[in-house]
Every structure is written in C-alpha cells, then in structure tokens.
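All values reported here derive from a predicted model rather than from experimental measurement. Hydrogens, waters and symmetry mates play no part in the numbers below; they use all other heavy atoms, side chains included.
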Amino acid sequence: MGRVAASPTRLSRLLKQRPRRLRRSAAIRALVRETRLAPEQLVMPLFVIEGHDREQPIPSLPGHSRLSADRALARARELAKLGMGGVILFGIPDAKDDEGRAAADPRGPVATALRAMREAGLPLVLAADVCLCEYTTHGHCGVVVDGEIDNDSTLPLLAEAAVCYAEAGADLVGPSGMMDGQVAAIREGLDEAGHQATGIVAYASKAASAFYGPFREAAGSAPAFGDRRGYQMDFANGREALREMELDAAEGADMLMVKPALTSLDLLARARARFDLPLAAYHVSGEVAMLEAAAAKGWIDRRAAALETLIAIERAGADILITYLAADAARWLQEA
Ligand code: PBG
C-alpha cells in the first residue's frame, strides 16, 4: 500500500475529469440519466383467435396466450391500466386458404377484437399487423405464383385487409410482409375508402431472421416450403435497410419500424440520425424467448436483463418499443 508512487494530491491534479462524481448516489445517477423508458412507449403484441372465452397458452412465450376477441379485450383493459401506449393485433383464423382471404374478413378475429376495443374507448393506440402469412395455407406472406411469392398480386389483398382493420377501428396498420410497394398500396386503399386518418407503421426494415420462431409457433405461420429470404431482408445488409426505410417514408409511412431489435441496434441509430419520423423497434419473440429461458434457469436476473435490453433499444434510437415484455416492464416502471 505504502509503495504507491504517486501521491493523492499529484493524481488529483492529473485527473481533471472524474466521471465517477456523477455515479456516487442513486439520486445523482437519476439526475444525469440520458435514457428513460415510459410505459406510454410500450406496445404489446396480442394474438387473437376465433370464438368466445378461449385462451391457449403459448409455450415458447411464457405468460402469453392466444386469446379470443373477448379475452383480448379483457387483456387490453389490464394493459391500459398499466399506462401502456398500445397493442398490435395478430389474427389466427380457423380456416386458411391459398390467398389468405381471411385477413380481410370483417368478422375475423382481428376486426372483431378491434371493434370491441374501440367501443370500450380504451386509452390505447390500436394497431393491426397486415400480412397474409397467418392466413395462408402455405404460410408465406404473399400469394404464390409458379412457386414464387408474387409481389404485385399480393398488394391489393394487403390493402383490403388494411381497410378492413381501419373500418373496425385501428389507429395504425402495420404491413409486415416486405412486399415492394406495400405502403403505397395500403395508403391508396385507405384513402380511397375514406380512411385518411388511419396511419401506417411500416415494418420498413425487416430481416429474414432466426428469431421469429416462437411467433410462428404462436401464429401457426411457419412457411410450408422454402423460407422468407426472397422477400424479407438479408440481415447482413445495413445500407439496404436504410434504403427500405427511405422507400417506405416516400410511400407515405407515418412511422418506421426496425426488426428484430437487438440484431439491428446499428440500424436504429442510423435511422434516428437520418429520419425525423417516429421510429419503432420490434423486440421479437425469439429475443424474448432467449431472455426467458436464461432467466428460468437462473442464469440471469429477468427484470434487470429485461429493462437493460429495452433501454438499450431505446438508447439506440427507438421511440416506440413493441415487446412481449411490455406488461412486466410497464409494471416495473410504475413501481420504480
Ligand atoms: C408476420 C410477422 C412475423 C412477425 C411479425 N409479423 C413473422 C414472420 O415474419 O415470420 C415476427 C414477430 C416476432 O417474432 O415476435 N409477417
């Protein structure tokens, strides 16, 4: 101990900057905290099925279930009490066909749940995912023509589904199929049907990812042949992701989304610097599943790891976080 050469006074002179001064107490750390998460930024995905009073737990997403519209409404009421920003609905129909026609069924699960939530006047933003994969027999996000996912014949079907959800009360529709021109097609469809006020949150940069596994189990939407790399983006491409966002902004997107979140933190940061539109990140099912599995084994602290993850996504540039952890996070933030 006595052998330390430099005297404290000399060191003091050398060390003009001491970042630790701002870390000495919880109060000072809170004072200088740069990123704060609020429940209003959180959006919860909900899987809606047909029927009444039905609930089917999703094993790979602990704490989540497929819910009939009435149960989804009850869940939305609880989420509203937590001060959450909104919900995004995914529908799982009983019957599928080659063209995913049930996506635009006004009596389908999503439209039914939207109407119930709208009537209940919940203080939540109501968003609906717009894609065919949950509704097609083959599980692809578009119509299949000669073994390929056909872009242009898919567009009117997406627009029809978006109009159906807008009519049922959606504030926002979120096209997630990565078809070229889907934002423009949906905007035109909405405007023609008199839904100028319905917004589009574009899944602008969505990668073909290994982290959608639990979602596909929940939605029964795994592709029956091939994979989604012919339409979802190559996760290795950053410049292309920004180009996708540029196109969606030009086509009239009101918000941009990046997905998955954790493998795209750089894209969030770049998008934040380049676009002034609100930016959303989808913290996807597989990302949450990893956290849940490690927490269940006692390998990480669930709450601490979850909040650290969500704050990191926000710090990277996201204003809005779509996450299966939304309810827990909102509760923790209310407690804190
Ligand atoms: C539908 C869609 C998917 C997700 C959101 N919308 C699945 C997919 O693209 O295969 C994934 C969300 C998640 O994993 O939580 N196209």
**Student:** In this structure, would Trp332 and Leu79 fall into the same cluster of hydrophobic residues linked by side-chain contacts under 4.5 Å?
**Tutor:**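 Cluster IDs for Trp332 and Leu79 match.
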**Student:** For salt bridge (charged side-chain N to carboxylate O under 4.0 Å, His left out), just list the numbers for Arg187 and Glu251, CA-CA rounded to whole Å, side-chain angles, deciding distance to a tenth of an Å, and then say yes or no.
**Tutor:** CA-CA 8 Å; Arg187 184 71 270 157; Glu251 287 178 30; over 6 Å; no
**Student:** Please answer whether the main-chain N or O of Leu267 pairs with a side-chain N or O of Ser264 as donor and acceptor at a distance below 3.5 Å.
**Tutor:**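 The answer is no, because no donor-acceptor pair under 3.5 Å joins these two groups.
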**Student:** In terms of side-chain geometry, is the basic nitrogen of Asp319 or Arg272 positioned less than 4.0 Å from the acidic oxygen of its partner?
**Tutor:**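 Judged by the 4.0 Å cut-off on N to carboxylate O distance, Asp319 and Arg272 do form a salt bridge.
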**Student:** So does Asp70 get a backbone contact from the side chain of His52, meaning a donor-acceptor N/O pair under 3.5 Å?
**Tutor:**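 Absent.
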**Student:** Looking at Ala38, is its backbone amide N or carbonyl O close enough to the side chain of Gln41 to form a donor-acceptor pair, meaning the two atoms are under 3.5 Å apart?
**Tutor:**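 Yes, Gln41 side chain to Ala38 backbone: donor-acceptor pair under 3.5 Å.
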**Student:** So, Thr323 side chain and Leu325 main chain: donor-acceptor pair closer than 3.5 Å or not?
**Tutor:**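 Between the backbone of Leu325 and the side chain of Thr323 there is a qualifying donor-acceptor contact (under 3.5 Å).
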**Student:** A quick test of your reading: do over 12 heavy atoms of other residues, nucleotides or ligands sit less than 6.0 Å from OH of Tyr231?
**Tutor:**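 For Tyr231, atom OH is crowded (more than 12 foreign heavy atoms under 6.0 Å).
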**Student:** Taking the side chain as everything from C-beta on, heavy atoms only, tell me whether Val130 gets closer than 4.5 Å to Ser176.
**Tutor:**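 A side-chain contact under 4.5 Å is absent here.
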**Student:** Test of understanding: clusters of I, L, V, M, F, W, Y form through side-chain heavy atoms closer than 4.5 Å, transitively. Do Tyr282 and Phe211 belong to the same one?
**Tutor:**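 Same hydrophobic cluster.
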**Student:** Decide ring-ring contact (aromatic ring centres under 6.0 Å, His included) for His64 and Phe47; before the verdict, give the C-alpha distance in whole Å, the side-chain angles of both, and the deciding distance to 0.1 Å.
**Tutor:** CA-CA 9 Å; His64 292 265; Phe47 297 97; 7.7 Å; no
**Student:** Same cluster for Ile88 and Val284 if Ile/Leu/Val/Met/Phe/Trp/Tyr side chains link at under 4.5 Å?
**Tutor:**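 Yes, it is one cluster - the side chains of Ile88 and Val284 are joined through contacts under 4.5 Å.
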**Student:** Check this for me: does any side-chain nitrogen of one of Arg302 and Glu292 sit under 4.0 Å from a carboxylate oxygen of the other?
**Tutor:**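 Looking at Arg302 and Glu292, the cut-off is met.
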**Student:** Quick check: are there more than 12 heavy atoms from other residues, nucleotides or ligands sitting under 6.0 Å from CD of Glu148?
**Tutor:**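 Open: at most 12 neighbouring heavy atoms sit under 6.0 Å from CD of Glu148.
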**Student:** Could you give the distance from CG (Leu247) to CG (Leu242), rounded to the nearest 0.5 Å?
**Tutor:**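 Atom-to-atom, Leu247:CG and Leu242:CG are 11.0 Å apart.
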**Student:** What distance do Asn151 atom CG and Cys141 atom SG have between them, rounded to the nearest 0.5 Å?
**Tutor:**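 Interatomic distance, Asn151 CG to Cys141 SG, rounded to 0.5 Å: 12.0 Å.
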**Student:** State whether the side chain of His140 and the backbone N or O of Phe225 hold a donor-acceptor pair below 3.5 Å, judged by distance alone.
**Tutor:**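 Yes, the answer is positive, given that a donor and an acceptor are paired below the 3.5 Å cut-off.
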**Student:** For atom CZ of Arg107, decide whether the heavy atoms of other residues, nucleotides or ligands shown that lie under 6.0 angstrom number more than 12.
**Tutor:**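 No, the 6.0 Å shell around CZ holds no more than 12 heavy atoms from other groups.
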**Student:** For Arg24, I'd like to know if atom CZ has over 12 heavy atoms of other residues, nucleotides or ligands within 6.0 Å.
**Tutor:**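 Check fails, neighbour count at 12 or below.
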**Student:** In this structure, would Val110 and Ile200 fall into the same cluster of hydrophobic residues linked by side-chain contacts under 4.5 Å?
**Tutor:**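 Val110 clusters together with Ile200.
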**Student:** A side-chain contact here means heavy atoms from C-beta on lying under 4.5 Å apart; do Ile320 and Val43 qualify?
**Tutor:**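 In contact.
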**Student:** Grab the two heavy atoms, one from Leu265 and one from Ala312, that are nearest each other, plus how far apart they are.
**Tutor:**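 For Leu265 versus Ala312, the nearest heavy atoms are CD2-O, 4.2 Å.
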**Student:** Any side-chain heavy-atom pair from Glu99 and Leu132 closer than 4.5 angstrom?
**Tutor:**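 Counting from C-beta outward, Glu99 and Leu132 never come under 4.5 Å.
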**Student:** Which pair of non-hydrogen atoms, one from Leu37 and one from Leu42, has the smallest distance, and what is that distance?
**Tutor:**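 Closest heavy-atom pair between Leu37 and Leu42: CD1-CD2, 4.4 Å.
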**Student:** Can you check whether Arg118 reaches Arg115 side chain to side chain, under 4.5 Å on heavy atoms?
**Tutor:**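 Heavy-atom side-chain distance check fails, nothing below 4.5 Å.
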**Student:** Looking at Tyr212, does the NZ or CZ of Lys206 lie under 6.0 angstrom from its six-membered ring centre and within 45 degrees of the ring axis?
**Tutor:**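 Checked: cation-pi criterion met.
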**Student:** Is the closest basic N to carboxylate O distance between Asp248 and Arg243 below 4.0 Å?
**Tutor:**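 Salt bridge between Asp248 and Arg243, a charged N being under 4.0 Å from a carboxylate O: no.
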**Student:** Pair Arg66, Glu55 - check side-chain contact (heavy atoms from CB on, under 4.5 Å), show working.
**Tutor:** CA-CA 6 Å; Arg66 300 185 200 95; Glu55 177 157 358; over 6 Å; no
**Student:** State, to 0.1 Å, how close Glu134 and Pro93 come at their nearest heavy-atom pair, and which atoms those are.
**Tutor:**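 It is O-CD, 3.3 Å.
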**Student:** Please determine whether residues Leu333 and Leu31 belong to a single hydrophobic cluster, defined as Ile, Leu, Val, Met, Phe, Trp and Tyr linked transitively by side-chain heavy-atom distances below 4.5 Å.
**Tutor:**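 No, it is not one cluster - the side chains of Leu333 and Leu31 are not joined through contacts under 4.5 Å.
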**Student:** I need the Ile186 CD1 to Met179 CE distance, nearest 0.5 Å.
**Tutor:**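 With rounding to 0.5 Å, CD1 (Ile186) is 11.0 Å from CE (Met179).
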**Student:** Could you walk me through whether Met117 and Leu124 pass side-chain contact (heavy atoms from CB on, under 4.5 Å), step by step?
**Tutor:** CA-CA 9 Å; Met117 290 175 191; Leu124 290 171; 5.9 Å; no
**Student:** Heavy-atom distance under 4.5 Å between the side chains of Val143 and Val145, does that happen here?
**Tutor:**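 They are in side-chain contact.
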**Student:** Counting only heavy atoms from other residues, nucleotides and ligands, does the tally under 6.0 Å from CG of Asp276 exceed 12?
**Tutor:**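 No, CG of Asp276 has 12 or fewer neighbouring heavy atoms, counting only those of other groups under 6.0 Å.
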**Student:** If the threshold is 4.0 Å, N to carboxylate O, is there a salt bridge linking Glu335 and Arg303?
**Tutor:**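 Looking at Arg303 together with Glu335, the answer is yes, because their closest N to O distance falls below 4.0 Å.
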**Student:** Taking NZ, NE, NH1 and NH2 as the nitrogens, is one of them in Asp53 or Arg71 under 4.0 Å from a carboxylate oxygen of the other?
**Tutor:**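 Here Asp53 pairs with Arg71 in a salt bridge, since their nearest N and O are under 4.0 Å apart.
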**Student:** Enter the distance from Met257:CE to Ile322:CD1 here, rounded to the nearest 0.5 Å.
**Tutor:**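 Taking CE in Met257 and CD1 in Ile322, the distance rounds to 3.5 Å.
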**Student:** Is the backbone of Leu82 close enough, under 3.5 Å, to the side chain of Gln334 for a donor and an acceptor to pair up by distance?
**Tutor:**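 Yes; at least one donor-acceptor contact below 3.5 Å.
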**Student:** Given 3.5 Å as the limit, does a donor-acceptor pair link the side chain of Ser68 with the main chain of Arg54, or not?
**Tutor:**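 Checked: pair present.
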**Student:** Determine yes or no for a side-chain-to-main-chain donor-acceptor pair under 3.5 angstrom, with Arg216 supplying the side chain and Ala222 the backbone.
**Tutor:**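 Between the backbone of Ala222 and the side chain of Arg216 there is no qualifying donor-acceptor contact (under 3.5 Å).
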**Student:** Less than 4.5 Å apart, any side-chain heavy atom of Met178 and any of Met233?
**Tutor:**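 They are in contact (side-chain heavy atoms under 4.5 Å apart), so the answer is yes.
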**Student:** Say whether Ser60 and Glu217, considering side chains only, have a donor N or O and an acceptor N or O under 3.5 Å apart.
**Tutor:**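 Looking only at side-chain atoms, Glu217 and Ser60 do form a donor-acceptor pair, the distance falling under 3.5 Å.
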**Student:** Where the side chain of Asn237 meets the backbone of Glu240, is there a donor-acceptor pair that is under 3.5 Å apart?
**Tutor:**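 No, Asn237 side chain to Glu240 backbone: no donor-acceptor pair under 3.5 Å.
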**Student:** Does CZ in Arg18 sit with more than 12 non-hydrogen atoms of other residues, nucleotides or ligands closer than 6.0 Å?
**Tutor:**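 Yes, because the 6.0 Å sphere around CZ of Arg18 holds more than 12 heavy atoms from other groups.
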**Student:** What closest approach, in Å, do Thr198 and Ala166 show between heavy atoms, and which atom pair accounts for it?
**Tutor:**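 Nearest pair, atom of Thr198 first, then Ala166: OG1-CB, 3.5 Å.
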**Student:** Output the distance between atom CZ (Phe275) and atom CE (Met255), rounded to the nearest 0.5 Å.
**Tutor:**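 Rounded to the nearest 0.5 Å, the CZ-CE separation comes out at 15.5 Å.
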**Student:** Should Gln56 and Ile49 be marked as a side-chain contact (heavy atoms from CB on, under 4.5 Å) after you check the CA-CA gap, both sets of side-chain angles, and the distance that decides it?
**Tutor:** CA-CA 9 Å; Gln56 306 168 342; Ile49 51 177; 3.8 Å; yes
**Student:** Would you say the side chain of Glu246 lies within less than 4.5 Å of the side chain of Arg274, judging by non-hydrogen atoms?
**Tutor:**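 When only atoms from C-beta onward are counted, Glu246 and Arg274 do touch, with a gap below 4.5 Å.
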**Student:** Around atom CD of Glu308, are there more than 12 heavy atoms of other residues, nucleotides or ligands at under 6.0 Å?
**Tutor:**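 Not buried by this count: 12 neighbours or fewer within 6.0 Å.
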**Student:** Do Tyr203 and Asp129 pass the side chain to side chain donor-acceptor pair (under 3.5 Å) test, and can you show the C-alpha distance, the side-chain angles, and the key distance before you say yes or no?
**Tutor:** CA-CA 9 Å; Tyr203 284 62; Asp129 184 84; 2.6 Å; yes
**Student:** Below 4.5 Å, heavy atoms only, C-beta onward: do Val87 and Leu126 meet side chain to side chain?
**Tutor:**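 The answer is yes; the side chains approach within 4.5 Å.
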**Student:** Is Arg75 salt-bridged to Glu78, going by a charged N under 4.0 Å from an acidic O?
**Tutor:**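 Glu78 and Arg75: salt-bridged.
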**Student:** Walk me through whether Leu46 and Phe90 qualify under side-chain contact (heavy atoms from CB on, under 4.5 Å).
**Tutor:** CA-CA 6 Å; Leu46 294 178; Phe90 296 90; over 6 Å; no
**Student:** In Å, rounded to the nearest 0.5 Å, how long is the span from CG of Leu262 to NZ of Lys259?
**Tutor:**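 One gets 13.5 Å once the value is rounded to the nearest 0.5 Å.
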